[in-house]
Amino acid sequence: MILQFSNHSSCLCLFQMSVWWQVLFLQFFLTLSCVYQCCASPPGLLKSYSYSLKSIRCTHTRVQQLLRRYKEEQLDNKQFEDRSLEWQTLPSLSTDFYHWLQMKDWERLSAASRDLHTFWAHLDMKRREIEREEVGQGAAHRMGSRGKPKPSIPERIQHILTDLRDLMTKVNFQLRCVNSSNVSPTSPPALTRAVSTPSSHQAPSKSLWTSRLEGYVILRDLERYLTKLARDFILLKTKHRGPPGT
């Protein structure tokens, strides 16, 4: 009787363990399915990262082109280069490689959202300043190669601002997708500090010259930042590829 009871108890335990393992496996595969649905299935993270990387590269090209034109038209020197100029309220471009590798996805995306907002705010402020300057000087549109009016620098900046806003929308979606609803994008900071101008760059119209140098620093640092951001999204894409065979 005791032996029969032991056998019955053993069978009951085995049955319960089997049921629990089935439940655990079901939960595991449901979780895995949700992860891959977010990371690999359209319109999930992997595809979103690809779109973002493409947008970053396209915007980087536009910034490069505008920076060349800006130096030629605003600074009267298309070869102008000065790495000593900096604006303290712009995002830092220095990176510790080991810290960069160890960053979590939500940290990387949160930093991208914050930095893109900051560049957007600085660039929009500069666009408004240049518009006021052109209105005050009665600047005429330059003619393009086909005789059509060439888009002004503020118009070119507006195109880049639109690109940055679209990119911020993608990054905010990705932040939500990595389950970081507690992380919200940072609003653009107050812009109070002007670029520091070395004595070698003093000009008769100091305020106007300083303003133009600020535009140069914003575009220069934005170009460098987008290169850095592209590396972030290459890493994110590599980490979030779907399961083998997909």
With side chain to side chain contact (heavy atoms under 4.5 Å, CB included) as the criterion, how do Leu53 and Leu229 come out once you've worked through the C-alpha distance, each side chain's angles and the decisive distance to 0.1 Å? CA-CA 8 Å; Leu53 183 57; Leu229 189 61; over 6 Å; no
With [X] via side chain to side chain donor-acceptor pair (under 3.5 Å) - residues at least two apart:
X      : value
Arg220 : none
Asp163 : Arg62
Lys239 : Asp105
Asp221 : none

Give the intermediate values and the outcome of side chain to side chain contact (heavy atoms under 4.5 Å, CB included) for residues Phe233 and Arg108. CA-CA 9 Å; Phe233 275 87; Arg108 202 178 301 278; over 6 Å; no
Step-by-step salt bridge (charged side-chain N to carboxylate O under 4.0 Å, His left out) determination, Asp124 to Arg128: CA-CA 6 Å; Asp124 187 55; Arg128 296 172 188 273; 3.1 Å; yes
Which value, rounded to the nearest 0.5 Å, describes the distance between [X] atom [atom1] and [Y] atom [atom2]?
X      : Y      : atom1 : atom2 : value
Leu164 : Ile56  : CG    : CD1   : 10.0 Å
Ser211 : Arg132 : OG    : CZ    : 9.0 Å
Gln174 : Leu46  : CD    : CG    : 10.5 Å
Arg212 : Leu208 : CZ    : CG    : 4.0 Å
Glu73  : Arg69  : CD    : CZ    : 4.5 Å
Leu66  : Thr61  : CG    : OG1   : 12.5 Å

Pairing of [X] and [Y] as salt bridge, 4.0 angstrom limit:
X      : Y      : result
Glu129 : Lys126 : yes
Arg83  : Glu81  : yes
Asp232 : Lys228 : no

For residues [X] and [Y], determine if any side-chain heavy atom of one lies less than 4.5 Å from a side-chain heavy atom of the other.
X      : Y      : answer
Glu72  : Asp76  : no
Thr162 : Trp120 : no
Met168 : Ser113 : no
Leu85  : Asp82  : yes
Lys71  : Tyr216 : yes
Leu236 : Leu45  : no
Arg156 : Gln65  : no
Leu222 : Leu67  : no

Is [X] linked to [Y] within one hydrophobic cluster, defined over Ile, Leu, Val, Met, Phe, Trp and Tyr using a side-chain heavy-atom separation of less than 4.5 Å?
X      : Y      : result
Ile234 : Leu226 : yes
Val171 : Leu235 : no
Leu75  : Ile157 : yes
Trp100 : Leu109 : no
Phe80  : Leu219 : yes

Under the side chain to side chain contact (heavy atoms under 4.5 Å, CB included) rule, what do Leu167 and Ser52 come out as? Steps first, then yes or no, please. CA-CA 6 Å; Leu167 188 54; Ser52 294; 4.0 Å; yes
Going by the rule ring-ring contact (aromatic ring centres under 6.0 Å, His included), which residues pair with Tyr70 if we only count those two or more places apart in sequence or in a different chain?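 In terms of ring-ring contact (aromatic ring centres under 6.0 Å, His included), with neighbours along the sequence ignored, Tyr70 is linked to no residue.
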Test of understanding: with side-chain contact (heavy atoms from CB on, under 4.5 Å), list the residues that count as partners of Gln64, not counting sequence neighbours.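 If we apply the side-chain contact (heavy atoms from CB on, under 4.5 Å) test to Gln64, skipping adjacent residues, the hits are His60, Arg68, Glu223.
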Quick one: which of Leu90, Leu93, Thr118 gives a side chain to side chain contact (heavy atoms under 4.5 Å, CB included) with Tyr225?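 The single option meeting the side chain to side chain contact (heavy atoms under 4.5 Å, CB included) with Tyr225 is Leu93.
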How close do [X] and [Y] get, heavy atom to heavy atom, and via which atoms?
X      : Y      : result
Pro154 : Glu131 : CB-CG, 3.5 Å
Ser110 : Leu175 : N-CD2, 3.9 Å
Ile218 : Trp87  : CD1-CZ3, 3.3 Å

Do you see a donor-acceptor pair shorter than 3.5 Å between the side chains of Glu86 and Gln88?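 There is such a pair (donor and acceptor under 3.5 Å, judged by atom type) between the side chains of Glu86 and Gln88.
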